[in-house]
Peer 1: 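First the structure, then my questions, so here it is.
Note that the structure is a prediction, hence the values are computed from the model and not measured.
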Amino acid sequence: MDKSHRVSRLSVHPRLGPRDSVFPGNPDLYRTVDTNATCSPYLQECVMAMEDCCDEAYEAQELIRQGTYDLPRISKVLASERVFLLVDESTVRRYKADLSDEIEPQINELLSRAEKGLQILLKKENMLQAKVEASQSRPTSRATANTTGMNKLDVRRMQMLARQRQKLEEELAALQAEVDAMLSSMKK
């Protein structure tokens with residue numbers, strides 16, 4: 001239904017006559033002389049618009065009331081307090097000592113594992129160094145010898161050994177760098 005043609009809820013109730021005046025004295029003095037006068041259509045529209053505004057305000061008030069009726073309980077639930085707990089130095093020292101007692105064995109275990117690992121790496125380095133020295137001390141004339149007299153199997157074997165030697169030298173260099181890094185970190 002269109003709002004402009006809607007009948008307001010206050011005008012639905014039939015009125016038996018004009019409203020009594022709120023002014024003291026004779027009410028006939030304040031009434032107009034022309035009893036057949038009709039209201040302006042603009043006045044009726046204004047009254048209907050005002051009634052619509054009142055209806056909207058009432059509905060808004062109901063909506064707000066429904067949304068906030070529980071506000072005191074919610075604000076009490078959401079209220080928070082700041083609590084500060086002061087601890088003396090002896091308590092802090094005691095907890096610090098407890099923590100160090102708990103962690104120290106684990107740290108010592110990790111250090112012993114690191115030292116064992118370092119010893120193993122040093123042994124590997126020494127073995128690889130010995131292999132490199134042994135391979136360098138051999139005469140290189142065999143490696144560069146004329147392979148025309150050798151069969152294909154010997155040539156492949158020589159190539160494989162040369163590749164293996166190169167890999168071992170690279171592994172030795174990597175292990176040497178790792179050992180140097182560990183030694184320098186232990187000195188610090």
Side-chain angles (χ1 to χ4, degrees), residues 1-122 124 170-171 174-188:
M1 184 177 213
D2 191 12
K3 280 191 173 185
S4 62
H5 295 95
R6 194 172 101 190
V7 178
S8 72
R9 66 182 171 90
L10 296 177
S11 62
V12 171
H13 305 294
R15 295 185 182 156
L16 300 175
R19 184 177 69 154
D20 291 332
S21 175
V22 293
F23 297 106
N26 187 2
D28 293 332
L29 292 174
Y30 302 103
R31 292 196 178 131
T32 59
V33 178
D34 188 9
T35 56
N36 293 330
T38 58
C39 292
S40 166
Y42 298 114
L43 184 58
Q44 283 183 332
E45 289 292 324
C46 184
V47 168
M48 290 180 73
M50 180 58 107
E51 289 174 350
D52 288 341
C53 286
C54 288
D55 288 342
E56 291 294 325
Y58 178 75
E59 290 173 9
Q61 181 185 9
E62 284 297 313
L63 184 66
I64 290 173
R65 186 174 289 132
Q66 288 173 2
T68 59
Y69 78 95
D70 203 21
L71 183 64
R73 186 188 69 81
I74 295 280
S75 61
K76 187 176 181 181
V77 167
L78 294 178
S80 61
E81 293 181 23
R82 289 186 181 179
V83 177
F84 296 97
L85 180 64
L86 300 177
V87 180
D88 58 350
E89 262 187 65
S90 62
T91 306
V92 172
R93 282 192 210 122
R94 184 176 37 141
Y95 283 129
K96 188 176 178 182
D98 290 346
L99 186 63
S100 67
D101 290 344
E102 184 179 326
I103 292 176
E104 190 174 358
Q106 295 173 0
I107 291 174
N108 291 335
E109 174 68 24
L110 290 174
L111 284 174
S112 66
R113 284 184 187 178
E115 288 173 356
K116 287 178 185 176
L118 182 63
Q119 293 299 324
I120 290 171
L121 288 175
L122 286 173
K124 282 185 179 179
E170 290 171 358
E171 190 175 326
L175 284 173
Q176 182 64 39
E178 189 176 333
V179 167
D180 292 341
M182 284 185 155
L183 288 175
S184 64
S185 67
M186 287 185 74
K187 288 179 183 179
K188 293 180 181 179

Peer 1: Can you list everything that forms a salt bridge (Lys or Arg N to Asp or Glu O under 4.0 Å) with E170? Sequence neighbours excluded, please.
Peer 2: none
Peer 1: Calculate, to the nearest 0.5 Å, the distance between atoms NZ and CG belonging to K116 and L118 respectively.
Peer 2: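 Taking NZ in K116 and CG in L118, the distance rounds to 13.0 Å.
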Peer 1: Would you please name every residue forming a salt bridge (Lys or Arg N to Asp or Glu O under 4.0 Å) with E102, sequence neighbours left out?
Peer 2: none
Peer 1: Find the distance between CG (L183) and CD (E178) and round it off to the nearest 0.5 Å.
Peer 2: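 Rounded to the nearest 0.5 Å, the CG-CD separation comes out at 11.0 Å.
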Peer 1: Between atom CG of L175 and atom CE of M182, what is the distance when rounded to the nearest 0.5 Å?
Peer 2: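 Reported value, rounded in 0.5 Å steps: 10.5 Å.
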Peer 1: Determine which pairs satisfy side-chain hydrogen bond (donor to acceptor under 3.5 Å, both in side chains) with at least one residue from residues 70-79, sequence neighbours left out, and list them in order.
Peer 2: D70-R73
Peer 1: Extract all donor-acceptor atom pairs below 3.5 Å that involve side chains of residues 104-114 and protein atoms in other chains or at least two apart in sequence.
Peer 2:
from : atom 1 : to   : atom 2 : distance (Å)
N108 : ND2    : E104 : O      : 3.4
E109 : OE2    : R113 : NE     : 3.3
S112 : OG     : E109 : O      : 2.8

Peer 1: Would you list the pairs meeting salt bridge (charged side-chain N to carboxylate O under 4.0 Å, His left out) in which at least one residue belongs to residues 84-98, sequence neighbours left out?
Peer 2: E89-R93
Peer 1: Applying side chain to side chain donor-acceptor pair (under 3.5 Å), can you list everything that pairs with E59, at least two apart in sequence or on another chain?
Peer 2: none
Peer 1: Applying side chain to side chain donor-acceptor pair (under 3.5 Å), name anything that partners Q66, two or more places apart in sequence or on another chain.
Peer 2: none
Peer 1: Would you compute the distance between atom CD of E45 and atom CG of D52 and round it to the nearest 0.5 angstrom?
Peer 2: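 The CD atom of E45 sits 9.5 Å away from the CG atom of D52.
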Peer 1: Please identify each residue that fulfils side-chain contact (heavy atoms from CB on, under 4.5 Å) with I64, with sequence neighbours left out.
Peer 2: T68
